[in-house]
4 protein chains.
Amino acid sequence: MPKAQRTTNDRAAAPPRRGQGNGTRLERSAARREAILAAALDEFSVQGFAATRLDDVARRAGVAKGTIYLHFRDKEALFQELVRSVLGPFVGTLEHVLASEVPARVIFGQMVEMFVREVYGTRRKDVIRLIVTEGTRFPWLAEFYYREVLSRILGAVRALLQRAIERGEISPSVARFPQLLGAPAIVAILWNSLFERFEPLDVAAFMHAQLDLLFGAEKDS
Amino acid sequence: MPKAQRTTNDRAAAPPRRGQGNGTRLERSAARREAILAAALDEFSVQGFAATRLDDVARRAGVAKGTIYLHFRDKEALFQELVRSVLGPFVGTLEHVLASEVPARVIFGQMVEMFVREVYGTRRKDVIRLIVTEGTRFPWLAEFYYREVLSRILGAVRALLQRAIERGEISPSVARFPQLLGAPAIVAILWNSLFERFEPLDVAAFMHAQLDLLFGAEKDS
Amino acid sequence: MPKAQRTTNDRAAAPPRRGQGNGTRLERSAARREAILAAALDEFSVQGFAATRLDDVARRAGVAKGTIYLHFRDKEALFQELVRSVLGPFVGTLEHVLASEVPARVIFGQMVEMFVREVYGTRRKDVIRLIVTEGTRFPWLAEFYYREVLSRILGAVRALLQRAIERGEISPSVARFPQLLGAPAIVAILWNSLFERFEPLDVAAFMHAQLDLLFGAEKDS
Amino acid sequence: MPKAQRTTNDRAAAPPRRGQGNGTRLERSAARREAILAAALDEFSVQGFAATRLDDVARRAGVAKGTIYLHFRDKEALFQELVRSVLGPFVGTLEHVLASEVPARVIFGQMVEMFVREVYGTRRKDVIRLIVTEGTRFPWLAEFYYREVLSRILGAVRALLQRAIERGEISPSVARFPQLLGAPAIVAILWNSLFERFEPLDVAAFMHAQLDLLFGAEKDS
DNA sequence: GATGAATGAGGGTTCATTCAT
DNA sequence: TATGAATGAACCCTCATTCAT
């Protein structure tokens, strides 16, 4: 989406339908909160944090500007909640997959598939991008991502690689840099966000190519 | 409070010393321009384009706010000149290195060394980061980088890989994604800008590990 | 010091009295808009468009600076709306008066009275002055005034003079320049705005003197 | 000249021809001063005082910005000198003409011709306009014009009208408003500056029509 | 004298945040 | 609870004025 100018009047999902029976007061409040988070992600992704106007977030969410402040202390808290709400629930499932006992090659194959489906194909991709683009301005952001996501994944990957080395599935030297496994994922997200219009990158194939380097080329795709 | 950390009163190198014999008028004008560019890079790198105040750039460069406008049309032009001035002179040297006729493995080893010395060890690293962080908001930025830098590098790398495959130095499958060679470089820059305080990444070793994957482990590093 | 006289802290009519029951929200919004227009007219009339600070307009209107932008796109739009809001409603009444069937002399006498009461005695006088002083810098302003006001008045006056000539009330030669009837009105406004402190000009008498020239001296005033 | 956008690189009369023998140092200084005054009049006339940039004046005059300050204390002093330099020498000649002993009708006929030639056909017209447009913002301007020009002209005109009345050339009632004689002149200048593109006004004919009203229609055009 | 780079106060405009309804 | 009009601090950019050359 290289669009830089502002979209004006496209709101999120359903029209407000105020005063109708679509849920209890609590449910409606929660739905509003979600709508705001979704709208904020849209805007932050395109404009960046600093250049995003809460006015636009509110319009896109179909709420009034003041409503945002009923759910979030300020713009930065909204950003923080956004990152947590998108990434938080995901962390648990990651460790689960990595703890499996099947061969490393198979697990990493599953990881690629999972990344493409659950990250690259979803809004999580945008949050990952936001961490890269806003991380230096918001130390809590880099820290949150490192502590809650990266360190856990890397820990699990290190354990997995250790087992793979012990089984002779992989060369010992690469275990020093588990980041080598994640690098193509990050690069794929960034590449397509910046250069897709010039030269699109096939994310899954790209990641598999890196797996081929690590484990030797095999049957898959 | 969207103001993240904000450095206040550190100016560039030498104090102004108005009216002294530090160069001709033209020389001092050029020096000021450079000081502004350097200060802008500092600020843009930390705050991002949108959150950077030209006031801070001016203070850091040791000039008055209005002086910026003697050298650059507006904030975005300053940004544009910044990217061009840092990357422009570099583009030529890149192709020179990649055109060498020694074995691919050797060339890529030189590339790693060159990247560490000429990019990671310099302000160019910060400009690369800016392209990643601001590229979606400034289409000209992504386009400039793709046309002037990426496409040229990738073209040369592809040619190099082709020769390497023909000589049997490398497996044919990887030639499809020359980006695999650059991925560790980008990831290393981003990793250390975000997570160095938690877990620093040895850039050279990281890149060499990827080379080992491509060519098989060897003597170097 | 290009700041001529500058009135500082006199605001409009009533103090803000926020949160009190002075009208519905819509009424208060409209009242604010009017206050801003009135304040803008005051400032523009004295300082001219370019030298007027919106800060001063806001203070005089008793609102914050940002409030102006809730009602007007920018400074020039405020100016435009100001001219339209003051002159617009007046255009219709003009033609009505000129269409009367009584003798020309009587109609022009009524016109004088109407001008003194409805233009010279009101803010419309200031808008007329603004058209003279800012008309060259804002082509839309001169055009608006010519199309919406002048050409209509002149058309009606020409018709009226034609009838007067046919009835022998007036010499044919003057019909060529209906502007001769309006000239004293314009000159009176300008004279008193510039030289009243030295030598005030009796607007009604001045205009009647011109009528006397056209129709011959008679009973009135 | 309804042109609102700025003309960029058209300088006044002769190219600088620095270092050539076009006069003594004093002569060249005086020439520069004149060039600046001429350029200032051009710019002030089109943009108005407040919106005129001394940068543009300097460029149009073919001098550097700083040079203006060698001749004039500040922007307002430049404006003041401009008005004085254009109108000052003219005042004397006016009184001379009005003191003539020929019939009033003849004198006024000469005045019309003189106005068209010496005012409307010259830069003096622009200064008159500036007095109208900037007079409220600069009290000294209105005062200067009233004291040095208007009061003198009106005095002479009053005396002339008095004589004309005594000779029966004119009705006594009009002597009360000598401004009636000048009104068409002012209105003609303003009309053509604002509305010439829609409906040009023949200045000489317009003024003669007013004379015809005062003295009765006669031979002259 | 003449220059024009440099200055920095000032003004138009934006937008996060508040609060009366 | 939700609204959105109102606020005012902040920021980009301009331009009158200065001053070292």
Side-chain angles (χ1 to χ4, degrees), chain A residues 16 18 25-26 28-29 32 50-59 63-76 78, chain B residues 1-3 16 18-21 24-26 28-29 32 50-58 63-76 78, chain C residues 1-3 16 18-21 24-26 28-29 32-33 50-58 63-76 78, chain D residues 16 18 25-26 28-29 32 50-59 63-71 73-76 78:
Chain A
R18 189 103 58 79
R25 188 184 303 221
L26 217 72
R28 267 182 291 126
S29 178
R32 277 190 144 85
T52 288
R53 289 176 291 165
L54 289 190
D55 236 351
D56 289 340
V57 172
R59 182 165 36 242
V63 303
K65 216 184 335 176
T67 305
I68 294 177
Y69 288 85
L70 297 176
H71 295 275
F72 306 96
R73 191 169 16 82
D74 58 16
K75 194 184 180 186
E76 189 169 341
L78 168 60
Chain B
M1 268 175 260
K3 308 285 159 48
R18 183 105 63 79
Q20 221 169 306
T24 70
R25 200 186 290 216
L26 218 74
R28 266 179 299 126
S29 177
R32 272 172 175 203
T52 288
R53 292 177 287 163
L54 289 191
D55 238 350
D56 289 340
V57 172
V63 303
K65 212 175 357 166
T67 305
I68 294 176
Y69 292 87
L70 296 177
H71 296 276
F72 307 97
R73 195 172 8 79
D74 57 16
K75 196 184 179 184
E76 188 167 341
L78 169 58
Chain C
M1 270 177 261
K3 310 286 157 48
R18 185 105 62 80
Q20 221 170 306
T24 70
R25 200 187 288 217
L26 217 75
R28 265 178 300 126
S29 178
R32 272 173 173 197
R33 195 190 141 95
T52 289
R53 290 177 287 163
L54 290 190
D55 239 351
D56 289 340
V57 172
V63 302
K65 210 170 8 157
T67 304
I68 294 175
Y69 291 87
L70 295 178
H71 295 278
F72 307 96
R73 195 175 6 81
D74 57 16
K75 195 183 180 185
E76 188 166 341
L78 167 59
Chain D
R18 189 103 58 77
R25 188 183 305 221
L26 219 72
R28 267 182 291 126
S29 178
R32 276 188 143 85
T52 287
R53 290 177 290 168
L54 289 190
D55 237 349
D56 289 340
V57 172
R59 184 164 36 244
V63 302
K65 215 185 335 175
T67 305
I68 294 175
Y69 287 86
L70 297 176
H71 295 276
R73 191 169 17 80
D74 57 17
K75 195 182 179 186
E76 188 168 342
L78 168 60

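All heavy atoms count here, side chains included; hydrogens, waters and symmetry mates do not. In this text, all values refer to a predicted model and were calculated from it rather than measured experimentally. In what follows, chains carry the letters A, B, and so on, assigned in the order in which the sequence lines appear, proteins first and then strands, with residues in each chain numbered from 1.
The side chain of A/Arg32 places an N or O atom within less than 4.0 Å of a non-bridging phosphate oxygen (OP1 or OP2) of F/dT3. In terms of phosphate contacts, C/His71 brings no side-chain nitrogen or oxygen within less than 4.0 Å of OP1 or OP2 of F/dA5.
B/Leu54 is listed as a side-chain neighbour of B/Leu78, based on a closest heavy-atom distance under 4.5 Å.
For A/Ala64, the side-chain contact (heavy atoms from CB on, under 4.5 Å) test picks out A/Thr67, with sequence neighbours left out.
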Structure string for DNA chain E in dot-bracket form, Watson-Crick and G-U at under 3.5 Å, | interchain: .||||||||||||||||||||

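If you measure from atom NZ of A/Lys65 to atom P of E/dT18, you get 12 Å, rounded to the nearest angstrom. We find that CZ of B/Arg28 is positioned 11 Å from P of E/dT7, with the value rounded to whole Å. To the nearest angstrom, C1' of E/dG10 lies 14 Å from OH of B/Tyr69. Rounded to a whole Å, the CD1 atom of A/Ile68 is 17 Å from the P atom of E/dC19. Spacing between atom CZ of C/Phe72 and atom P of F/dA5 amounts to 14 Å, rounded to whole angstrom units. If you measure from atom CZ of B/Arg53 to atom P of E/dT13, you get 22 Å, rounded to the nearest angstrom. Atom CZ in D/Arg73 sits roughly 10 Å away from atom P in F/dT17 (whole-Å rounding). Rounded to an integer number of Å, the gap from CG of C/Asp55 to P of E/dG10 is 11 Å.
Looking at which nucleotide of DNA chain F each of B/Lys75 and C/Ala64 is closest to, the 5′-most match is held by C/Ala64. When the nearest nucleotides of DNA chain E are assigned to D/Leu70 and C/Leu54 by heavy-atom distance, the more 5′-ward of the two goes with D/Leu70. Residue B/Ala50 is the one, among B/Ala50 and D/Gly66, whose nearest nucleotide of DNA chain F lies closer to the 5' end (criterion: closest heavy atom).
Taken from CG in C/Asp56 to NZ in C/Lys65, the straight-line distance is 10.0 Å, to the nearest 0.5 Å. Distance check, rounded to the nearest 0.5 Å: CZ of D/Arg73 to OH of D/Tyr69 gives 11.0 Å. Atoms OG and CG, from C/Ser29 and C/Leu70 in turn, are 8.0 Å apart once rounded to the nearest 0.5 Å. Distance check: C/Thr52 OG1 to C/Lys75 NZ gives 6.0 Å after rounding to the nearest 0.5 Å. Note that CD1 of B/Ile68 is 8.0 Å distant from CG of B/Asp55, once rounded to the nearest 0.5 Å.
Set against F/dA6, F/dT3, E/dA2, the side chain of D/Thr67 has E/dA2 as its closest nucleotide.
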